[in-house]
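Structure first, commentary second.
Every number for a ligand or one of its atoms is a count from 1 in the order of the listing.
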Amino acid sequence: ALFTVGDYLAERLAQIGIRHHFIVPGDYNLILLDKLEAHPALTEVGCTNELNCSLAAEGYARACGVGVCVVTYSVGAFSAFNGIGSAYAENLPVILVSGAPNTNDVDQHLLHHTLGEHDFIYQLEMAKRITCCAVAIRRAAHAPELIDRAIRMALLKRKPVYIEVPTNLSGEACAQPGPISAVVKQMPSDAPALDAAVTGASEFLRAKQKPVILVGPKVRRVGAEKVLLQLVEAIGCAVVLQPAAKGSFPEDHAQFAGIFWGQVSTLAADTIVNWADVLICIGTVFTDYSTVGWTALPSVPQLVADIDSVALANPNMYFSHVQLQDFLVRLAEAVSWNSCTMTEYNRLRPDPALGQASRGQERLTRKEVARQTQLLLTPETTVFTETGDSWFNGIQLCLPAGAEFEIEMQWGHIGWTIPASFGYVLAKPERRTILMTGDGAFQMTAQEVSQMVRCRIPIIILLINNRGYTIEVEIHDGLYNRIQNWNYALLVEAFNSEEGGGRALGLKAHTAEQVSEALKRAIAHKDGPTLIECNIHQDDCSRELITWGHFVAAANSRVPAKDK
Ligand SMILES: C/C(NCc1cnc(C)nc1N)=C(/S)[C@H](O)COP(=O)(O)OP(=O)(O)O
Ligand SMILES: [Mg+2]
């Protein structure tokens, strides 16, 4: 049979480890979808809309390192751009493939699913702004070079890419692909830079007494968790995590000293950070949200190890092209033991707060839901926490060894957990996946529960119904933070169809007793998702959210600088 452009793309996707591709069909991508579906290693997964399609690919990339979503031109791609923004912000290689108009029509005719003008490059130009590489195939002969370039850049930069395929090229003859090693080969560190960075860093640290390691969200993105552990155990110092890095270091490790989040830190992490005389920042990202409105920007000198660079505070030096993995391994060999901050932290470590169980019939509280969620956690559990008070409830969880934690703190798209967990579970079906989401968030992407039913995915959705946008209320309230209340339990059961698929189970809980009953049923329900609507009072939110909200509101309301 003829080997085509669509076959080339299918083969490359399979070769980089893709086993599921997320799609919404449209007349510009149907031939391409046929070619992808024809590949034995690829399984097509339909999504209810392109926002969810791109977020499902983002969640898939969290589980297996790369994801792909295939949409139609403009009406599809514009919605998918939001999930691509998340992939960019979260350093995830997601490949956005968009169908496009027939090449014969370009600059000749006006076409549907376009802006209705003789302009066929606007989408490519938009994609360039939110990806590390955007290509549009205009002739079949160019397909191999363009496809390989885009995929290679996605894997090298850990950022999304864009590939535009006109509807009449997918089925055109195309060269066969050469070895995938040429596409996936990583760039090794520059040897002199690596040597100098390690020497400089170990001298810099030798001159310090109280080192603390601060782990950021990028460590997991380059798979550096194991070499991080080597460095941690070579120094012996206290280790704290940024909130978006939760899950990338074992919380049962003796050196774990909590989540550092300024005034809303856990386990007194901020006290040891404030005592340190040097912070070893590994894969860290300091934003208004992660620094509690800039009130928790560390002020001590830092050694900053990023994805492919190292920066020292003294001497003030910068080393580019030093891969994080290489640097951590070499630094672990070079550093000397210094457990002084660990000794000090062990004196500061707060006693474990034993959540008091509420009595069965009392009105349900946020704390009680968090307490019962904690009891659910096992080494096989993955927790997705949504932007909202769920962030603060999730961050407080103590993860047993092996438990995984996903959060989208940089992009912060409410509703992300539903499609992202759907994508994630397709790549990691063996894990028990639990979502902590809010009523406002759920209303953004609820349709994707329908695909969990269709694919019989037993995700447990803990929907905290506090009647509105509570984070926003705590930052700055107004009528706009009120939303229409839904019958969430009834809604998910509307996705059950006689024509097949699994079954969604919708449960309501108003008391502690009802939550524990519902959780027992959720764990037993394997043939599809279970949504447990946890009804709590609208003012019942974490004190951390209130504290954090005050500082973020203050940061948001700074008057313009004079010279602007
Ligand atoms: C509206 C908005 N943020 C603005 C926003 C608006 N649109 C998108 C896509 N993402 C966003 N973060 C946020 S955090 C709501 O409080 C979320 O409400 P909910 O899901 O109900 O959670 P809480 O009640 O715990 O806050
Ligand atoms: Mg809410």
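With salt bridges taken as basic N to acidic carboxylate O contacts below 4.0 Å, one links Arg456 and Asp527. Checked for salt-bridge contact, Glu380 and Arg432 miss the test: no charged N lies under 4.0 Å from a carboxylate O. Salt-bridge formation is not detected for the pair Glu493/Arg503: no Lys NZ or Arg NE/NH1/NH2 atom is positioned less than 4.0 Å from an Asp or Glu carboxylate oxygen.
Of the protein's non-hydrogen atoms, Ile414 CG1, 3.6 Å is the one closest to atom 8 (C) of ligand 1. Nearest protein heavy-atom neighbour of atom 20 (O) of ligand 1: Ala441 N, 2.7 Å. Of the protein's non-hydrogen atoms, Glu472 OE2, 3.2 Å is the one closest to atom 3 (N) of ligand 1. The shortest contact between atom 25 (O) of ligand 1 and any protein heavy atom is with Asp389 N, 2.7 Å. Among protein heavy atoms, the minimum distance from atom 11 (C) of ligand 1 is reached at Gly412 O, 3.7 Å. The nearest heavy-atom contact from the protein to atom 26 (O) of ligand 1 is Ile471 N, 2.7 Å. Protein heavy atom closest to atom 18 (O) of ligand 1, with residue, atom name and distance, is Tyr469 CD2, 3.3 Å. Nearest to atom 23 (P) of ligand 1 among the protein's heavy atoms is Thr470 N, 3.6 Å.
Put simply, the residue from Glu406, Glu404, Glu408 that forms a salt bridge (charged side-chain N to carboxylate O under 4.0 Å, His left out) with Arg62 is Glu406.
Across all non-hydrogen atoms, the minimal contact from Tyr289 to Val552 is CE1-CG1, 3.8 Å. Between Ala522 and Ile532, the shortest heavy-atom contact is CB-CD1, 4.1 Å. Counting all heavy atoms, side chain and backbone alike, Tyr488 lies closest to Phe442 at CD2-CD2, 3.5 Å. In terms of heavy-atom proximity, Val292 sits nearest to Trp261 at CG2-O, 3.3 Å.
Assignment of Gly468 to the shell around ligand 1 is supported, since a heavy atom sits closer than 4.0 Å.
Contact annotation: Gln538 places no N, O or S atom under 2.8 Å from the Mg ion (ligand 2). Taking 2.8 Å as the threshold, Gly440 does not count as a candidate ligand of the Mg ion (ligand 2), since none of its N, O or S atoms lies below it.
A donor-acceptor contact closer than 3.5 angstrom links the side chains of Gln123 and Tyr162. Using modelled atom types, one finds a donor on one side chain and an acceptor on the other under 3.5 Å when comparing Tyr122 with Ser74.
Shown in contact with Gly440 at under 4.0 Å from a heavy atom are these atoms of ligand 1, numbered in order with element: 19 (P), 20 (O), 21 (O). Which parts of ligand 1 touch Gly388 is read off a 4.0 Å heavy-atom cut-off, strictly below it: atoms 22 (O), 25 (O), 26 (O).
Arg19 CZ: more than 12 foreign heavy atoms inside a 6.0 Å radius.
Note on Asp439: its N/O/S atom closest to the Mg ion (ligand 2) is OD1.
Computed with the Mg ion (ligand 2) at the centre, the Asn466 OD1 to Gly468 O angle is 90°, stated to 10 degrees.
With a 4.0 Å cut-off on non-hydrogen atoms, Met444 touches ligand 1 through its side chain and not its backbone. For Asp439, heavy-atom contacts with ligand 1 shorter than 4.0 Å involve the backbone as well as the side chain.
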